[in-house]
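Reviewing the structure listed below.
For clarity, every value in this text was computed on a predicted model and none was experimentally measured. Proteins get letters first, then strands, A, B, ... in listed order; numbering begins at 1 in each.
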Amino acid sequence: MIRTGEASPVELTEFFLNRLEKLGPKYNAIATITRERALKSAVKAEKEIEKGIYKGLLHGVPFGAKDLLATSGGIPTTWGAAPFRNQVFDYDATVIKKLEEAGAILCAKLAMIELAGGMGYRQPNASFTGPCMNPWNVEMWSGGSSSGSGVSVAAGLVPFALGSETWGSILSPANNCGVTGLRPTYGLVSRFGAMPLSWTLDKIGTLCLTADDCGIVLEYIAGPDPFDPSISRSFKYEAPTFERDFKLAFFKGVLEGVDEDVSKNFWKALEVLEEIATIDEIEPPEMPYEAITRTIINVESASAFEEFIDSGKASELTAPEDHYPYARMVIPATEYLRAMRLRGIVCKAISKLTVLYDAVVAPSNRMAATPIDREFRSLFPLSRDVMGAVGNLAGLPAISIPNGFTRKNLPTGIQFMGNPYGENSIIAVAKAYQSFTDWHKHHPPNLF
Amino acid sequence: MNCKNKVAEGLLDLVIKRYSSRLDPQGLEEVRKGVEVIAEAVIAMRNMKLEYSDEPHVVFKPYEKED
């Protein structure tokens with residue numbers, strides 16, 4: 001519609017800016033609304049399209065970005081943290097630059113958990129913008145750390161948003177807010193200009209309404225960047241059709257410690273998927289996946305934030321438990337290297353197990369959204385997160401899509417984890433599921 | 001302050017030596033929880049056998065200036 005002139009980028013941008021301004025604060029979803037920059041980009045896009053210069057599917061389309069992505073022009077990049085609330089950069093993160101070059105329009109920097117949760121938060125109230133409320137029920141949490149990104153897509157404040165994941169930060173808000181979230185393979189999307197939490201685990205991804213949208217956005221943000229040496233290849237979205245039988249698997253014990261409603265919706269989703277896929281149960285070797293992943297994050301974040309931690313400014317963070325990130329500062333180097341040596345073993349073992357499959361399937365999270373005023377870790381203290389630990393440790397892509405609701409009318413999600421650079425396969429499975437179901441077409445109440 | 005094991009106790013001693021001026025009772029309790037989680041991870045990792053040939057999963061590349 002934008003290409004044919006039926007929709008105006010300027011009108012579209014005004015529409016979403018108004019929604020961001022009106023509804024964003026209601027959910028604590030916004031860090032900064034970039035009205036001036038957005039309208040300037042929208043006018044430019046409109047003129048280009050009028051002249052017949054059409055850059056592609058994102059030309060003239062508004063978006064939001066998690067506030068850990070650097071933006072130039074005096075727009076703050078707060079990292080969700082009070083001590084950084086006035087931080088500005090004189091450059092744009094590569095993903096922002098790529099999207100703007102494609103004609104997309106940055107409308108807002110979106111709220112996030114302070115320092116992407118890297119200081120060990122245990123509660124939703126861990127951002128200087130306040131706890132991010134879930135549009136499905138404002139007494140529940142949005143998930144994090146890409147909190148504002150999940151909320152803004154769910155509430156129709158932006159058509160799509162950028163988020164990031166080190167361990168769970170895209171899949172968690174996608175699950176809680178009932179949207180589609182894509183965590184790309186490590187090394188597919190440039191991290192340049194993103195707050196570093198863990199150099200070997202951080203990934204930039206997307207939150208959208210559909211799997212198809214995630215594929216489209218990914219094609220624009222992926223690819224080589226001279227400022228990020230970890231990027232090894234580009235991505236071409238194949239917009240797949242479903243004319244083949246998929247091969248899926250789930251890990252033995254995948255539902256141990258998982259909420260009853262989440263389990264029920266997972267089995268129902270498998271029944272749908274059985275129409276288009278074979279589904280096997282597989283058993284990952286017993287390894288300390290979470291311990292390895294946690295050790296790497298702890299040490300890399302300790303190094304990335306050493307100056308900040310040593311300055312004592314952690315005491316200015318919002319969540320009290322984030323005031324004391326000192327334990328990670330004394331982990332011996334040998335333990336980090338042990339974790340990195342074990343990481344290689346894990347990568348090979350998991351690859352051997354999953355290479356025969358298009359995706360490994362699991363609930364996106366053990367539970368739906370938790371109360372906004374409760375410590376979320378205390379609600380399921382003993383359950384494991386093998387999928388999250390393995391997927392992030394091995395740098396594997398995953399997509400989370402809505403697959404139903406709990407008895408309290410909160411969305412639940414199902415995730416498809418792929419092989420390295422297997423984004424087209426997992427998007428194909430997710431897209432197939434979304435063609436047979438309408439969970440992604442449900443929207444929260446009271447959005448106007 | 002008691003920890004669950006000697007690994008955690010050793011780590012806690014190091015934190016106290018380095019950051020004692022920042023640690024009120026609440027801070028000390030948070031750090032104790034933190035070192036215990038780290039110690040559990042360390043012990044779990046040490047239970048997994050490594051061979052001499054198991055290198056860290058990172059590749060060092062000498063820097064070559066691009067043309």
Side-chain angles (χ1 to χ4, degrees), chain A residues 119-120 122 186 199-200 226 229-230 232 285-300 302 309-315 319-349 377 389 393-395, chain B:
Chain A
M119 298 297 112
R122 300 191 294 265
Y186 178 86
W199 297 289
T200 69
S230 68
S232 54
E286 189 55 44
M287 292 184 191
Y289 303 108
E290 294 100 325
I292 301 167
T293 311
R294 192 178 299 121
T295 301
I296 294 169
I297 294 177
N298 272 333
V299 177
E300 293 187 2
I309 292 170
D310 279 347
S311 76
K313 285 185 180 169
S315 62
E321 64 271 23
D322 283 348
H323 293 186
Y324 309 100
Y326 300 114
R328 74 192 62 200
M329 300 302 285
V330 297
I331 300 173
T334 47
E335 302 303 343
Y336 174 70
L337 287 168
R338 175 178 290 275
M340 292 301 270
R341 293 172 72 191
L342 292 171
R343 187 181 204 174
I345 295 172
V346 168
C347 288
K348 286 173 198 156
R377 292 196 205 282
L393 187 62
Chain B
M1 182 168 269
N2 291 329
C3 290
K4 283 182 190 167
N5 55 60
K6 288 198 180 307
V7 176
E9 275 175 22
L11 293 171
L12 185 60
D13 285 346
L14 280 171
V15 176
I16 291 171
K17 279 195 174 74
R18 190 165 167 186
Y19 296 106
S20 60
S21 63
R22 304 254 175 83
L23 297 175
D24 53 18
Q26 186 195 353
L28 201 56
E29 176 58 18
E30 286 293 339
V31 169
R32 188 192 60 77
K33 285 181 196 168
V35 293
E36 288 197 338
V37 171
I38 288 166
E40 280 173 22
V42 165
I43 292 164
M45 290 194 302
R46 286 182 187 170
N47 284 335
M48 206 171 144
K49 172 84 176 148
L50 282 166
E51 303 297 335
Y52 282 102
S53 57
D54 291 323
E55 296 190 7
H57 196 61
V58 285
V59 180
F60 169 74
K61 285 193 334 194
Y63 177 72
E64 286 180 290
K65 192 178 178 189
E66 291 171 15
D67 293 330

When every non-hydrogen atom of A:Arg341 is compared with those of B:Pro56, the smallest separation belongs to CG-N, 3.5 Å
Contact part of A:Pro332 toward chain B, heavy-atom cut-off under 4.5 Å: side chain, backbone, both or neither?
side chain
Taking only residues two or more places apart in sequence, or in another chain, which ones meet B:Tyr19 in a ring-ring contact (aromatic ring centres under 6.0 Å, His included)?
A:Tyr326
Output yes when B:Arg18 and A:Asp310 qualify as a salt bridge under the 4.0 Å nitrogen-oxygen rule, no when they do not.
yes
Contact between B:Ile43 and A:Pro288 at the side-chain level, heavy atoms closer than 4.5 Å - yes or no?
no
May I have the step-by-step check of side chain to side chain contact (heavy atoms under 4.5 Å, CB included) for A:Tyr324 and B:Gln26, ending in yes or no?
CA-CA 9 Å; A:Tyr324 309 100; B:Gln26 186 195 353; 3.9 Å; yes
Looking at CD1 of A:Ile296 and NE2 of B:His57, how far apart are the two atoms once the value is rounded to the nearest 0.5 Å?
9.5 Å
Do you know which of A:Ile331, A:Asn298, A:Val346 has the most heavy-atom pairs with chain B at a distance under 4.5 angstrom?
A:Ile331
Heavy-atom distance under 4.5 Å to chain A: side chain of B:Glu30, backbone, both or neither?
side chain
From CD (A:Glu286) to CG (B:Asn47), nearest 0.5 Å:
11.5 Å
B:Ile38/A:Glu335 under side chain to side chain contact (heavy atoms under 4.5 Å, CB included): CA gap, chis, key distance, verdict:
CA-CA 10 Å; B:Ile38 288 166; A:Glu335 302 303 343; over 6 Å; no
Is a side-chain donor or acceptor of A:Arg328 paired with a backbone partner of B:Gly34 at a separation under 3.5 angstrom?
no
Check whether B:Lys33 gets within reach of chain A through its side chain, its backbone, both or neither, counting any heavy atom under 4.5 Å.
side chain
Which heavy-atom pair separates A:Ala327 from B:Val15 by the least distance, and what is that distance?
CA-CG2, 3.9 Å
If I measure from the heavy atoms of chain A, does B:Glu51 come under 4.5 Å with its side chain, its backbone, both, or neither?
backbone
In terms of heavy-atom proximity below 4.5 Å to chain B, should A:Ala339 be classed as side chain, backbone, both, or neither?
both
Distance in Å, B:Leu50 CG paired with A:Leu342 CG, rounded so as to fall on 0.5 Å steps:
4.5 Å
Would you say the side chain of B:Lys17 lies within less than 4.5 Å of the side chain of A:Val330, judging by non-hydrogen atoms?
no
Positive for side chain to side chain contact (heavy atoms under 4.5 Å, CB included) with B:Met45, one of A:Met287, A:Arg294, A:Arg338:
A:Arg338
